[in-house]
There are 4 protein chains.
Amino acid sequence: MPKIVNKELKRKEIAISCMDLIYDVGIRKLTVDEVAKKANIGKGTVYEYFENKEDIVFEIINMHIQKAQQDFCKKIKKLKTTREKIYEVFSFVLDNSENSVRRFNYYKEYVSIVLSNENENMLKFNCNCKDFITQQIENILNEAVNKGELNGNASELVEVILIFEKGLAFLKMTQKDIELKNICLNFIDLILKKS
Amino acid sequence: MPKIVNKELKRKEIAISCMDLIYDVGIRKLTVDEVAKKANIGKGTVYEYFENKEDIVFEIINMHIQKAQQDFCKKIKKLKTTREKIYEVFSFVLDNSENSVRRFNYYKEYVSIVLSNENENMLKFNCNCKDFITQQIENILNEAVNKGELNGNASELVEVILIFEKGLAFLKMTQKDIELKNICLNFIDLILKKS
Amino acid sequence: MPKIVNKELKRKEIAISCMDLIYDVGIRKLTVDEVAKKANIGKGTVYEYFENKEDIVFEIINMHIQKAQQDFCKKIKKLKTTREKIYEVFSFVLDNSENSVRRFNYYKEYVSIVLSNENENMLKFNCNCKDFITQQIENILNEAVNKGELNGNASELVEVILIFEKGLAFLKMTQKDIELKNICLNFIDLILKKS
Amino acid sequence: MPKIVNKELKRKEIAISCMDLIYDVGIRKLTVDEVAKKANIGKGTVYEYFENKEDIVFEIINMHIQKAQQDFCKKIKKLKTTREKIYEVFSFVLDNSENSVRRFNYYKEYVSIVLSNENENMLKFNCNCKDFITQQIENILNEAVNKGELNGNASELVEVILIFEKGLAFLKMTQKDIELKNICLNFIDLILKKS
DNA sequence: CATGAATGAGTGTTCATTCAT
DNA sequence: TATGAATGAACACTCATTCAT
């Protein structure tokens with residue numbers, strides 16, 4: 001009897017070993033040959049675990065985003081004030097630690113693929129991401145309403161914050177060396193003073 | 001000296017004749033063959049006026065954006081109220097007329113390329129675009145301050161509006177069938193009430 | 001010794017379980033993976049019983065042809081007149097019942113492979129098929145001679161009928177929607193009147 | 001100005017230079033790489049003159065068949081008796097001169113492709129071939145009727161002869177070393193005596 | 001015996017760029 | 001100056017076969 005491999009596990013392993021590859025060469029220039037080489041397996045073996053190249057890319061991105069969402073949930077629990085929590089929503093963009101920057105660059109590549117309509121999975125997946133962040137913002141605002149920091153019209157703010165976060169990300173992606181921190185603080189002032 | 005002028009002129013001519021081409025086949029799938037055919041010149045001749053394919057794409061995009069900016073300026077002049085003018089900033093995203101949708105799709109492809117770091121020129125160019133829109137928003141807000149509709153702290157709003165516009169664009173690009181009009185109106189209320 | 005018997009048996013079993021597979025995907029597109037799956041065995045196990053893919057295909061075709069020959073013998077026994085029997089020789093081509101059409105399509109693929117010289121076994125095998133049908137025609141004609149329906153020169157007719165049958169098959173294979181029934185009846189008239 | 005090549009001419013040239021290639025390796029194993037190498041051009045250049053590999057194969061076969069039909073017409077004109085002319089119909093199969101054998105082997109490869117339904121062009125093309133040979137046989141028989149060698153029912157014979165010719169070809173393709181000459185002579189006796 | 005994981009050679013097609021005329 | 005013919009590197013994906021367990 002031959003050894004039975006855990007297909008799902010090996011799939012993840014291959015994806016993990018290629019995470020840097022995406023960072024180095026970009027998703028679009030990633031070749032299956034490179035993936036195989038990086039993962040120390042044959043090219044054919046790649047296709048034992050992935051449907052096609054799109055699937056490989058999807059898996060790698062998938063892992064990144066899941067990790068990012070888990071990290072976000074952990075962090076948000078530790079924060080007390082509404083201000084801090086809203087700021088945390090933006091910190092994905094603002095944080096300049098090496099780890100965050102790298103993560104942001106993955107995200108950038110990911111968005112580039114989404115925008116080019118090349119990858120069906122990505123678009124669906126992207127909706128899930130939006131839903132996640134929307135839900136988080138809702139939670140933060142509901143809590144604030146309960147605390148009496150905001151009045152009941154808070155629901156209208158959810159999308160405004162969401163859009164602002166997307167705008168921040170967009171600007172960071174497309175402009176070099178832009179200072180966004182203070183703008184965010186101004187924005188938070190703007191929406192919290194409102195009540 | 002006159003030759004250089006002619007070169008520059010012909011370069012523009014070629015780019016202009018290919019503006020629709022991008023819409024038909026997409027930026028990334030544009031081939032030099034198609035460009036030559038559309039411009040009614042030989043393939044080799046294309047390389048007399050452009051360094052490489054990247055350069056062609058850049059010039060075509062350039063034409064599109066210049067046109068879009070001119071159109072924006074024309075429209076903004078006709079508008080009276082500050083509300084209308086700010087809304088016009090967002091209308092690039094919100095307008096669903098055939099022409100606007102087409103233009104927005106160009107922009108989407110364009111952003112995808114900027115994000116993938118494939119084209120150096122694009123990134124620099126993108127900064128110019130940001131500067132243009134920033135300037136426009138500044139003008140609108142300054143006018144509003146002069147009219148007394150806003151107090152002097154208006155400068156802080158420029159970037160907030162800019163970011164909101166980018167966020168709108170981002171969301172429209174990455175989500176299907178999303179209703180953004182009311183959110184914009186809410187947002188405009190939010191910033192104008194503030195004063 | 002008993003092991004060899006078992007090997008031969010299992011080989012047949014595998015081939016039998018894959019008879020329909022050829023119909024579904026075509027001989028040339030048959031993969032070893034599919035064979036293994038259909039036979040409910042491991043891919044490696046296939047190679048315990050077959051030299052290579054060519055060998056698998058050969059065995060499957062073998063099953064089909066044996067079956068076809070058995071069916072022919074059964075049918076021919078039930079027929080009385082010489083006319084009917086000769087017509088039965090052609091019915092492999094003429095019959096449009098689902099089953100016959102399916103069988104004819106197998107045969108078509110099979111011939112395609114024989115003609116492409118891809119499979120050595122096939123060519124030898126094809127000779128056996130010719131010998132079988134030749135023998136059958138001989139039997140029919142001898143009987144006819146015994147009955148006094150044909151004179152002694154009947155032996156010359158064997159090959160003519162054989163060739164006519166091959167030509168019918170060929171035409172059916174390579175032309176769409178061709179009416180062959182009446183031509184056959186004319187042909188039978190031609191050769192039987194002769195005596 | 002660059003040199004302007006006659007595309008149609010070069011297409012033929014490339015096809016001609018590859019005629020032996022098909023004979024050597026078989027149509028199905030022909031690779032575009034080999035074609036390019038044999039024609040002493042780059043692989044990309046092949047695609048300047050052919051849509052795809054199918055198109056290459058089609059052109060080569062096309063040339064062969066046109067040539068074969070021209071040769072047939074020339075030969076048939078020189079022949080006097082109906083017997084000779086009908087025999088000439090079969091000589092494509094019967095003639096064992098090096099040239100004829102080579103031509104027959106091309107035909108064999110061609111039929112293999114037709115049977116595998118891989119190539120749309122081929123199937124249509126094959127119909128033309130049938131029409132050509134049918135027409136030729138008709139001409140021969142009409143002439144014979146006019147000469148009084150056959151009675152008016154000759155039209156029924158056209159398809160019988162056609163099918164017989166196909167059967168001959170089939171048998172020659174699928175059997176090694178088979179003697180067909182005498183069978184043909186018998187067959188011609190059979191149909192001509194009939195009148 | 002049985003297996004299925006691993007493999008990598010093989011292939012049709014595209015297209016930006018070059019260069020001889 | 002203008003051209004378009006020529007090019008070949010690049011790439012995703014398949015599948016028969018092997019072999020360690």
Side-chain angles (χ1 to χ4, degrees), chain A residues 1-7 10 14 28-37 39-56, chain B residues 3 6-7 10 28-37 39-57, chain C residues 3 6-7 10 28-37 39-57, chain D residues 1-7 10 28-37 39-57:
Chain A
M1 293 289 174
K3 70 174 170 184
I4 301 293
V5 304
N6 182 329
K7 286 239 169 191
K10 180 124 188 184
I14 295 171
R28 231 180 291 268
K29 285 177 189 157
L30 190 73
T31 66
V32 179
D33 264 300
E34 282 170 328
V35 167
K37 215 160 279 172
N40 269 320
I41 56 177
K43 192 167 24 166
T45 312
V46 175
Y47 285 88
E48 292 284 319
Y49 299 95
F50 299 91
E51 296 267 326
N52 47 36
K53 195 188 145 184
E54 198 172 286
D55 195 25
I56 303 171
Chain B
K3 294 213 172 170
N6 283 340
K7 275 232 172 188
K10 182 114 185 187
R28 236 182 283 266
K29 284 176 188 159
L30 189 73
T31 65
V32 180
D33 260 298
E34 284 168 327
V35 168
K37 213 159 280 172
N40 268 320
I41 57 175
K43 197 169 18 168
T45 313
V46 175
Y47 283 86
E48 292 288 319
Y49 298 96
F50 298 91
E51 295 268 326
N52 48 34
K53 195 190 148 185
E54 198 173 286
D55 195 22
I56 304 170
V57 169
Chain C
K3 293 213 172 171
N6 283 338
K7 276 232 172 188
K10 182 115 186 186
R28 235 182 284 266
K29 285 177 186 157
L30 189 73
T31 65
V32 180
D33 260 298
E34 284 168 326
V35 167
K37 213 159 282 171
N40 269 320
I41 57 175
K43 192 160 35 158
T45 313
V46 175
Y47 283 86
E48 292 287 321
Y49 299 96
F50 298 91
E51 294 270 324
N52 48 33
K53 195 190 147 187
E54 196 172 288
D55 195 23
I56 304 170
V57 168
Chain D
M1 294 289 175
K3 70 174 170 185
I4 302 293
V5 304
N6 182 329
K7 287 242 169 189
K10 180 123 185 186
R28 231 180 291 268
K29 282 175 189 158
L30 189 74
T31 67
V32 180
D33 265 301
E34 282 170 326
V35 168
K37 213 159 281 172
N40 268 320
I41 57 176
K43 190 158 40 156
T45 311
V46 175
Y47 284 87
E48 292 285 318
Y49 299 93
F50 299 92
E51 296 267 326
N52 46 37
K53 193 186 147 186
E54 198 172 285
D55 195 25
I56 304 171
V57 169

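Below, chain A is the first sequence line, B the second, and so on; all start at residue 1.
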What is the distance, rounded to the nearest whole Å, between atom NZ of D:K37 and atom C1' of F:dT7? 14 Å
Just verifying a value: how many Å separate B:N6 CG and B:Y49 OH, rounded to the nearest 0.5 Å? 8.0 Å
With a 4.0 Å cut-off on heavy atoms, is A:K29 in touch with a base, just the backbone sugar-phosphate, or nothing at all? nothing
Would you classify D:K7 as touching base, sugar-phosphate or nothing, given that sugar-phosphate means primed atoms plus P, OP1 and OP2, and contacts are heavy atoms under 4.0 Å? sugar-phosphate
Quick one: which of F:dT3, F:dC11, E:dG4 gets closest to the side chain of B:T45? F:dT3
Between E:dA5 atom C1' and A:K10 atom NZ, what is the distance in whole Å? 8 Å
Nearest whole Å is fine: how far is E:dT11 C1' from D:E54 CD? 16 Å
Locate the shortest heavy-atom distance separating D:K29 from D:E34; write the atom from each residue and the value. O-OE1, 3.6 Å
Assign each of C:K43 and D:N40 to its nearest nucleotide of DNA chain F by heavy atoms, then name whichever residue's nucleotide is nearer the 5' end. D:N40
Could you check B:T31 against C:I41 and say which one's nearest nucleotide on DNA chain E is further toward the 5' end? C:I41
Nearest to the side chain of C:Y47, which nucleotide is it out of E:dA6, E:dG12, F:dT17? F:dT17
Which sits closer to the 5' end of DNA chain E, D:E48 or A:G42, going by the nucleotide each is nearest to? A:G42
Hey, does the side chain of A:Y49 come within less than 4.0 Å of E:dA5's phosphate (OP1/OP2), counting only N and O? no
Contact summary for A:K53 and A:R28, nearest pair of heavy atoms: NZ-O, 3.5 Å
Checking D:V35 against D:K43 for the side-chain contact (heavy atoms from CB on, under 4.5 Å) test, could you report, in this order, the C-alpha distance in whole Å, the side-chain angles of both residues, the deciding distance, and whether it holds? CA-CA 8 Å; D:V35 168; D:K43 190 158 40 156; over 6 Å; no
Sorted by chain and number, sequence neighbours left out, side-chain contact (heavy atoms from CB on, under 4.5 Å) with B:F50 holds for B:R11, B:I14, B:V46, B:D55, B:I56, B:E59
To the nearest Å, give me how far apart NZ (B:K53) and C1' (E:dT18) are. 17 Å
Rounding to a whole Å, what distance do you find between D:F50:CZ and F:dA5:C1'? 15 Å
Applying salt bridge (charged side-chain N to carboxylate O under 4.0 Å, His left out) to A:E48 and A:K7, what does each step give before you reach the verdict? CA-CA 9 Å; A:E48 292 284 319; A:K7 286 239 169 191; 3.6 Å; yes
Tell me what D:D33 touches on the nucleic acid: a base, only sugar-phosphate, or nothing, going by heavy atoms under 4.0 Å. nothing
On DNA chain F, more 5' by nearest nucleotide between A:G44 and B:V46 is B:V46
Please work out if A:L30 contacts a base, only the sugar-phosphate, or nothing of the nucleic acid, heavy-atom cut-off 4.0 Å. sugar-phosphate
Once pairs are restricted to Watson-Crick or G-U wobble with both distances under 3.5 Å, how does DNA chain F read as a dot-bracket string, [ ] for crossings and | for other-strand pairs? .||||||||||||||||||||
Specify the separation, in whole Å, of atom CD of B:E51 and atom C1' of E:dA16. 14 Å
